[in-house]
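Presented below is the structure to which this report refers.
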Amino acid sequence: QVQLVESGGGLVQAGGSLRLSCAASGRTDSVFRMGWFRQAPGKEREFLASITRSGSSTYYIDSVKGRFTISRDNAKNTDYLQMNTLKPEDAAVYYCAAGIYVGLGYRESDFKFWGQGTQVTVSS
């Protein structure tokens with residue numbers, strides 16, 4: 001089992017930045033990919049970005065490319081999502097997820113373990 005705990009959410013003004021963190025514990029040696037998703041009220045959960053265990057490969061959806069950056073610190077078993085130029089439509093609960101297969105993922109089914117989520121609110 002792998003436990004994931006997100007942090008770093010909060011209230012920010014439009015145009016501002018936030019950095020989310022996802023700390024992993026447990027059988028982290030079984031994790032080969034990490035990802036970030038978000039879910040806004042009344043909407044389905046949406047994939048944002050993923051990264052391989054080495055950190056050498058990343059993948060983003062177009063709507064966040066250039067604004068969001070996923071990264072990881074293997075020594076700390078922690079992944080990050082740096083979010084810049086935030087917009088009101090970025091407001092959502094943000095989730096990190098861990099997958100046990102090699103390579104990048106983008107579907108919910110590509111990830112086995114999930115955090116509880118952290119709320120991001122963007123004021124206009």
Side-chain angles (χ1 to χ4, degrees):
Q1 285 292 92
V2 175
Q3 294 77 42
L4 303 173
V5 179
E6 303 97 335
S7 62
L11 173 64
V12 63
Q13 286 189 328
S17 298
L18 279 177
R19 188 177 79 156
L20 306 182
S21 300
C22 175
S25 60
R27 287 291 310 275
T28 56
D29 59 323
S30 67
V31 173
F32 285 87
R33 65 171 67 125
M34 295 292 294
W36 286 93
F37 291 72
R38 69 185 177 190
Q39 188 168 21
K43 295 188 177 181
E44 293 186 353
R45 189 148 56 182
E46 174 187 36
F47 167 79
L48 299 174
S50 61
I51 188 168
T52 53
R53 183 163 74 177
S54 68
S56 61
S57 296
T58 57
Y59 176 62
Y60 300 90
I61 59 167
D62 287 345
S63 62
V64 304
K65 202 176 293 184
R67 295 193 301 127
F68 291 8
T69 302
I70 189 171
S71 62
R72 62 178 298 139
D73 184 334
N74 280 316
K76 296 182 179 179
N77 284 321
T78 300
D79 286 76
Y80 304 96
L81 186 68
Q82 177 68 42
M83 307 186 294
N84 299 326
T85 320
L86 284 162
K87 307 173 183 179
E89 52 264 41
D90 293 318
V93 177
Y94 283 68
Y95 298 90
C96 71
I100 61 173
Y101 298 110
V102 174
L104 296 165
Y106 62 93
R107 299 165 296 192
E108 290 191 38
S109 59
D110 293 331
F111 299 89
K112 183 174 182 179
F113 304 105
W114 293 81
Q116 293 299 307
T118 185
Q119 177 72 49
V120 171
T121 303
V122 184
S123 64
S124 57

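Values reported hereafter were calculated over all heavy atoms of this structure, with side chains retained and with hydrogens, waters and symmetry mates removed.
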Under a 3.5 Å distance rule, please check whether Thr28 uses its side chain to pair with a backbone N or O of Ser25 as donor and acceptor.
no

Test item: Arg33 side-chain N/O and Thr52 main-chain N/O as donor-acceptor pair under 3.5 Å
no

With hydrophobic residues grouped by side-chain heavy-atom distances under 4.5 Å, do Leu48 and Leu18 end up in a single group?
yes

State, with a plain yes or no, whether a side-chain heavy atom of Ser30 is found less than 4.5 Å away from one of Lys112.
no

Is the backbone N or O of Gly105 less than 3.5 Å from a side-chain atom of Ser50, with the two atoms forming a donor-acceptor pair by type?
yes

Linking I/L/V/M/F/W/Y whenever any side-chain heavy atoms sit under 4.5 Å apart, do Val31 and Phe37 land together?
yes

Looking at Gln39, I want to see if its CD is surrounded by more than 12 non-hydrogen atoms of other residues, nucleotides or ligands under 6.0 Å.
yes

What pairs with Arg45 under salt bridge (Lys or Arg N to Asp or Glu O under 4.0 Å), at least two apart in sequence or on another chain?
Glu108

Shared hydrophobic cluster for Leu4 and Ile100 (ILVMFWY, side-chain gaps under 4.5 Å)
yes

Can you label the angle between the Tyr59 ring and the Phe47 ring as parallel, tilted or perpendicular, going by 30° and 60°?
parallel

Tyr80 side chain to Arg19 side chain, donor-acceptor N/O pair below 3.5 angstrom:
no

Just verifying a value: how many Å separate Ser57 OG and Ile51 CD1, rounded to the nearest 0.5 Å?
8.5 Å

For Arg107 and Asp110, what are the C-alpha separation, side-chain angles and deciding distance, and is it a salt bridge (Lys or Arg N to Asp or Glu O under 4.0 Å)?
CA-CA 5 Å; Arg107 299 165 296 192; Asp110 293 331; 3.0 Å; yes

Do NZ/NE/NH1/NH2 and the carboxylate oxygens of Lys87 and Asp90 come within less than 4.0 Å?
no

Is there a donor-acceptor pair under 3.5 Å between the side chain of Glu6 and the backbone N or O of Cys96?
yes

Could you see if Ile61 belongs to whatever hydrophobic cluster contains Phe111? Use Ile, Leu, Val, Met, Phe, Trp, Tyr and a side-chain cutoff under 4.5 Å.
yes

Check: Arg53 side chain, Asp29 main-chain N or O, donor-acceptor pair, under 3.5 Å
yes

Is the backbone N or O of Lys76 less than 3.5 Å from a side-chain atom of Thr78, with the two atoms forming a donor-acceptor pair by type?
yes

Using modelled atom types only, decide if a donor and an acceptor are shared between the side chain of Thr118 and the backbone of Gly9 within a distance under 3.5 Å.
yes

Hey, is the main chain of Thr85 close enough, under 3.5 Å, to the side chain of Arg67 for a donor-acceptor pair?
yes

